[in-house]
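Report on the structure given below.
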Amino acid sequence: MSQETAGSGPENTQAPPRHFIHEIVASHVQSGRYAGRVGTRFPPEPNGYLHIGHAKSICLNFGLAREFGGTCNLRMDDTNPAREEVEYVESIIQDVNWLIQGWADPFLNLKQAGTSSGIGLLAKDKGNRTLEPFYASDYFGQIYDFALELIRKGKAYICDLSPEDTERYRGTPDRPGQDSPFRDRSVEENVDLFQRMKAGEFVDGARTLRAKIDMSSPNIWLRDPVLYRIRHVEHHHTGKAWCVYPMYDFAHCLSDYIEGITHSICTLEFEVHRPLYDWILESLSLPRELPKQYEFARLSLGYTLMSKRKLLQLVQEKTVIGWDDPRMPTISGLRRRGYTPESIRHFCELIGVTKYNGLTDMSLLEFAVREDLNKKSHRAMAVLHPIKVIIDNYPEGEVEWLEAVNNPEDPAAGHRKVPFSKEIYIERDDFMELPAKKFYRLFPGNEVRLRYAYILKCVSMEKDSEGNLLALRATLDPDSKSGGATAGRKIKATIHWVSAPHATRAEVRLYDRLFTVEEPDAADGGGYASHLNPKSLEVLSQCVLEPSLASASPGQRFQFERLGYFCADTKDSTPGAPVFNRTATLRDGWVKEQHKTV
RNA sequence: UGCCCGAUGGUGUAACGGUAGCACAGCAGACUCUGAAUCUGCUUGUCAUGGUUCAAAUCCAUGUCGGGCAGCCA
């Protein structure tokens, strides 16, 4: 184990997560299989942005490498050029680095740039070496040679069946398929045709290379699966070098073998592919110990989607502003929303790794961020729905700068000064003309404490001709300032406030779940589009913040006291004109109390 | 009605033949210059039926329910 190289933090002192895959790997290490070495990989297809489900896989694969002193390769699983783009490659690199930085980055295995056959994309610099991720497309030459070996061994053949006929011949799950009429071509003819496929002599779909296994197998994936197809499409990484591309099943196991992967971990839907994974590797004359595939259940989260295809649709149809919309379950969306990598990693630890297809509660993700942000974020006062309070017995023009604690969870965070004056804003919800049961904030005649300031009493209301509340008039107890003579008086509620003349105006964006039903994806649900939450985004443009927030830098996180955790938007916020995203609310006992009486 | 996989409180998980535990959520209380945090306590569970065993969540059988597989997608 080489945990000492993995930085510090709770993850380094706690026991690593235990689960069935962990046990398998641990037993292999113990028994000296693969010479005690552990090599995993995270193999996304660059056809979309990474989401929280990928984070689970990243944590699993990198966590194993980290614990056993192995390596985890970042590999683009890019065998289908029609759907893949460099933009996605770039986002994947960024998201993986962001997620594992300070935790498992020493175990991230990249390769030296320039050794690939394609158009290199630079990942990052480490020392003097320029590194880039692995690409399955870098192995197209080797994979092609392996295909030739299979053909020469009589284990693969060129099939001229049309896509429709291929499907027909395959049969159905409960009915065996039939042999292709081209199944018994000679090795020479197969080699010749395969070479001519590669040379570009045939149009898309004209022929395929197929494994010769068993058309009557109960496992569909063993019914002579297609290994290579013709696609006259330019590839984002290999350019125009190829017009035949290997299928996932053929490329993946071989990529694993080529990279020296020991444990190839994927999701449950590939379980039925495992016999094919093994068949391909065992059919070739491969000298080294073969990698093995293990499957776990992918993550499903309530009230959101995890399918890249559907997330892409939300982006394309402009339902959201982009892949990094803070409502998206993407890593970039969560990052923009204000989630920390630590909180996402902790979440992945909390959910565990099993073969059970469950539905995880959003509350667990929220718990993970709150827990992390509570420890780390500076507090500040912000009023989202302001109502003015004029303090009758406070001198006009006077300003006091009161001391406020930056983070009660972290004494080292220090203090700051917040200005107080005759006119302040408080939260509209902190006042009720006719107090509800158990409401102990401000109402006519009642006292509340103003955080870090005085005890305030509401004496009257100012309304317009239609009876709308315009402002409150109040008096304060001059001796009750924090630290003052009567400061110790027991007052049930403390509320936050912002001095009106000093307030910074800001836009604040409140986010809610994207969908109104727990499983927007459900087959019988009428389509996820019909379950979009119209209130998933609420933009508040008239918020008032304490002046220290005016200079917030993009990405900076705060707890707005009594409201929640907020993060200055990385795209739209500028010092002087801040825009904040709400990461998560604080738990709110008052909201629960209200639900009881309703 | 083919094959593969799975099933433990509301949710996610642990228990590897020997006291069903943890976390989230929920509820109640303590504390509180954040109705937050923190602390204390509580409710709720082994899919069913048989079998093996001194002993079964765990092993076996059958059934039920759920998921996956019929792309020249991954």
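Below, chains carry the letters A, B, ... as their sequence lines are ordered, and counting in each starts from 1.
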Selection from [options] that lies nearest to any side-chain heavy atom of [X]:
| X | options | value |
| --- | --- | --- |
| A:Asp174 | B:C72, B:G67, B:G2 | B:G2 |
| A:Lys492 | B:U34, B:U32, B:C72 | B:U32 |
| A:Lys355 | B:A74, B:C5, B:U32 | B:C5 |
| A:Asp588 | B:G35, B:G67, B:A74 | B:G35 |
| A:Thr494 | B:G12, B:U34, B:A70 | B:U34 |
| A:Val272 | B:G35, B:C24, B:G68 | B:G68 |
| A:Tyr356 | B:G12, B:G2, B:C72 | B:G12 |

Test log, rule side chain to side chain donor-acceptor pair (under 3.5 Å), inputs A:Ser480 and A:Arg489 | CA-CA 8 Å; A:Ser480 65; A:Arg489 282 171 56 205; 5.3 Å; no
Same-atom distance ([atom1]) from [N] to [M], integer angstrom:
| N | M | atom1 | result |
| --- | --- | --- | --- |
| B:U58 | B:U8 | P | 13 Å |
| B:U64 | B:A48 | P | 15 Å |
| B:C59 | B:A25 | C1' | 35 Å |
| B:C22 | B:G41 | P | 11 Å |
| B:U1 | B:U62 | P | 13 Å |
| B:A14 | B:G51 | C1' | 27 Å |
| B:G66 | B:U11 | P | 15 Å |
| B:C73 | B:G6 | C1' | 25 Å |

5′-ward residue of the pair A:Pro218/A:Ile491 relative to RNA chain B |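 Result of the comparison: A:Pro218.
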Starting from the 5' end of RNA chain B, give me the residue, A:Arg274 or A:Ser363, whose nearest nucleotide shows up first.
->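 With A:Arg274 and A:Ser363 compared, the 5'-side residue is A:Arg274.
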Determine: side-chain N/O of A:Thr79 to OP1/OP2 of B:A74, distance under 4.0 Å, yes or no.
-> yes
Can a side chain N or O of A:Arg83 be found less than 4.0 Å away from OP1 or OP2 on B:A74?
->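 So the side-chain polar atoms of A:Arg83 never come under 4.0 Å of the phosphate oxygens OP1 or OP2 of B:A74.
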With centres under 5.5 Å and planes under 30°, do A:Trp590 and B:G35 count as stacked?
->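 A stacking contact exists, since A:Trp590 sits close and nearly parallel to the base ring of B:G35.
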NA contact type, A:Thr354, heavy-atom cut-off 4.0 Å: base, sugar-phosphate, or nothing?
->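 Here A:Thr354 touches the backbone only, sparing every base.
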Sub-3.5 Å donor-acceptor pair from the side chain of A:Tyr228 to the main-chain atoms of A:Tyr144, do we have one?
-> yes
Please list every donor-acceptor pair under 3.5 Å in which a side-chain atom of residues 49-57 of chain A meets a protein atom from a residue at least two apart or in another chain.
unit_1, atom_1, unit_2, atom_2, d
A:Tyr49, OH, A:Glu87, OE2, 2.7
A:His51, ND1, A:Gly53, N, 2.9
A:His51, ND1, A:His54, N, 3.4
A:His51, NE2, A:Met306, O, 2.9
A:His54, ND1, A:His51, N, 2.9
A:Lys56, NZ, A:Ala297, O, 2.7
A:Ser57, OG, A:Asn61, ND2, 3.3

Could you list, one pair per line, each protein nitrogen or oxygen that sits under 3.5 Å from a nitrogen or oxygen of nucleotides 37-41 of chain B, together with the distance?
unit_1, atom_1, unit_2, atom_2, d
B:A37, OP1, A:Arg587, NH1, 3.1
B:A37, OP2, A:Arg587, NH1, 3.2
B:A37, O2', A:Asn374, ND2, 3.0
B:A37, O2', A:Glu409, OE2, 3.1

Do the non-hydrogen side-chain atoms of A:Ile426 and A:Val383 ever get within less than 4.5 Å of each other?
->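 Not touching, per the 4.5 Å side-chain cut-off.
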Salt bridge present between A:Glu400 and A:Lys481 (N-O < 4.0 angstrom) =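 Salt bridge between A:Glu400 and A:Lys481, a charged N being under 4.0 Å from a carboxylate O: yes.
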Using 4.0 Å as the upper bound for N to carboxylate O, is an ion pair formed by A:Arg185 and A:Asp160?
-> yes
